[in-house]
Structure formats: C-alpha cells, structure tokens
Amino acid sequence: QVQVVESGGGLVQPGGSLRLSCAASGSIFTIYDMGWYRQAPGKQRELVAVITRGGSAIYVDSVKGRFTISRDNAKNTVYLQMNMLKPEDTAVYYCNVDLKGLNYWGQGTQVTVSS
C-alpha cells in the first residue's frame with residue numbers, strides 16, 4: 001500500500017504565495033516522477049509541473065516563472081512553491097507519484113486565490 005498526502009492549501013490574496021507539500025509513504029522502493037496537477041470547477045485536470053528523480057522539471061506555460069517544483073528523495077516528498085498567485089490558479093491541487101508505471105494520487109488540497 002502507498003499513501004500520498006498533500007498539505008499547504010488555503011485562501012490567499014492575488015499576488016500572494018503558498019507552498020504545497022506532498023509526502024508519499026508505504027511500500028515504496030523507488031519513486032520516479034513526482035508531479036502536481038490541478039482541477040478547477042468545470043474544467044479537466046491539468047498538469048502543473050512534474051519533476052524527475054534527477055531533478056529535471058517541466059511546467060505548464062501558465063505557471064512558468066511563478067511556480068517552482070522541488071523534491072526531497074530521502075523524504076519521498078515533493079513541494080510546489082507558488083508565487084504571484086492569480087485568481088485563475090484557484091483549483092484543487094493533486095499530487096501524483098510514479099512508481100515505475102504505478103501511479104498514485106493524493107486526495108487533493110484546495111487553493112483559492114481571491115481578494
């Protein structure tokens with residue numbers, strides 16, 4: 001069994017910052033890619049950022065220059081630092097971990113950007 005737990009969401013004003021964390025635990029040998037996805041009301045879930053075990057990262061265009069993904073392999077944890085938040089960033093953010101073809105999702109954490 002593998003558990004994936006996100007934390008760090010909340011309500012923030014436009015221009016503010018939040019840091020999301022996601023910890024994986026359980027029967028884990030090696031985690032390959034770790035990623036953050038988001039789903040806004042009425043929209044499909046989209047990739048926000050993903051980071052390889054070696055630290056290479058890609059981002060969706062809308063967050064480039066504002067969000068930074070990082071990971072701590074020793075702790076099986078991935079982070080998403082979100083700066084200069086905009087109302088359109090409002091969504092439920094989900095963490096995904098890839099155990100060589102087996103993907104596990106967290107329960108999601110709500111991020112609301114509003115004045």
Quick one: CG on Leu18 to CG on Leu11, what's the gap to the nearest 0.5 Å?
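Those atoms lie 8.5 Å apart.
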
Between Met34 and Thr77, what is the shortest heavy-atom contact and its length?
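The answer is CE-C, 4.0 Å.
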
What are the two closest heavy atoms between Ser21 and Tyr79, and how far apart are they?
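The pair with the smallest heavy-atom distance is OG-CD2, 3.4 Å.
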
Is it possible for you to say whether Tyr37 and Val60 belong to one hydrophobic cluster, with membership spreading through side-chain heavy-atom contacts below 4.5 Å?
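Different clusters: Tyr37 never reaches Val60 through Ile, Leu, Val, Met, Phe, Trp or Tyr contacts under 4.5 Å.
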
Tell me if the CD atom of Glu88 is crowded by more than 12 foreign heavy atoms within 6.0 Å.
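Yes.
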
Closest approach of Asn83 and Ser17, non-hydrogen atoms and distance?
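Taking every non-hydrogen atom into account, OD1-OG, 2.9 Å.
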
Kindly work out whether a path of hydrophobic side-chain contacts (I/L/V/M/F/W/Y, heavy atoms less than 4.5 Å apart) joins Leu102 to Val78.
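They do share one cluster, since a chain of ILVMFWY contacts under 4.5 Å joins Leu102 to Val78.
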
side-chain hydrogen bond (donor to acceptor under 3.5 Å, both in side chains) between Arg38 and Tyr93, worked out:
CA-CA 4 Å; Arg38 66 186 180 187; Tyr93 284 70; 2.9 Å; yes

Stepwise, does the side chain to side chain contact (heavy atoms under 4.5 Å, CB included) test hold for Leu99 with Thr30?
CA-CA 6 Å; Leu99 277 60; Thr30 302; over 6 Å; no

Distance check, rounded to the nearest 0.5 Å: Thr52 atom OG1 versus Asp33 atom CG?
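It is 6.5 Å, given to the nearest 0.5 Å.
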
Counting C-beta onward and ignoring hydrogens, is there a side-chain heavy-atom pair between Arg53 and Asn73 closer than 4.5 Å?
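SC-SC contact between Arg53 and Asn73 confirmed.
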
At what distance, to the nearest 0.5 angstrom, does CG of Leu80 lie from OG1 of Thr68?
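It is 8.0 Å, given to the nearest 0.5 Å.
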
Rounded at 0.5 Å granularity, tell me how far CG in Leu20 sits from CE in Met82.
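These two atoms lie 3.5 Å from each other.
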
Would you call Lys86-Asp89 a salt bridge at under 4.0 Å N-O?
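A salt bridge is absent here (no side-chain N lies under 4.0 Å from a carboxylate O).
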
Going by atom type alone, with no hydrogens or angles, which donor-acceptor pairs under 3.5 Å involve a side-chain atom of residues 103-114 and a protein atom two or more places apart or on another chain?
residue	atom	partner	partner atom	Å
Asn103	OD1	Asn96	ND2	3.4
Gln107	NE2	Glu6	OE1	3.4
Thr109	OG1	Gly9	N	3.2
Gln110	NE2	Ala91	O	3.4
Gln110	NE2	Thr112	OG1	3.3

NZ or CZ of Arg45 within 45° of Tyr94 ring axis and under 6.0 Å
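Positive - Arg45 is close enough to the ring of Tyr94 and near enough to its axis.
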
Nearest non-hydrogen partners of Tyr59 and Ile69, listed with the distance:
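Reported closest heavy-atom pair: OH-N, 3.0 Å.
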
Taking all heavy atoms of Leu47 and all of Trp36, pick out the closest pair and write down the distance.
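Closest pair (atom of Leu47, atom of Trp36, distance): CD1-O, 3.7 Å.
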
Set of salt bridge (charged side-chain N to carboxylate O under 4.0 Å, His left out) partners for Arg71, sequence neighbours left out:
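Arg71: no salt bridge (charged side-chain N to carboxylate O under 4.0 Å, His left out) contacts found.
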
What heavy-atom pair brings Ile51 and Ser70 nearest, and what distance separates the two atoms?
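Closest approach of Ile51 to Ser70: CD1-CA, 3.9 Å.
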
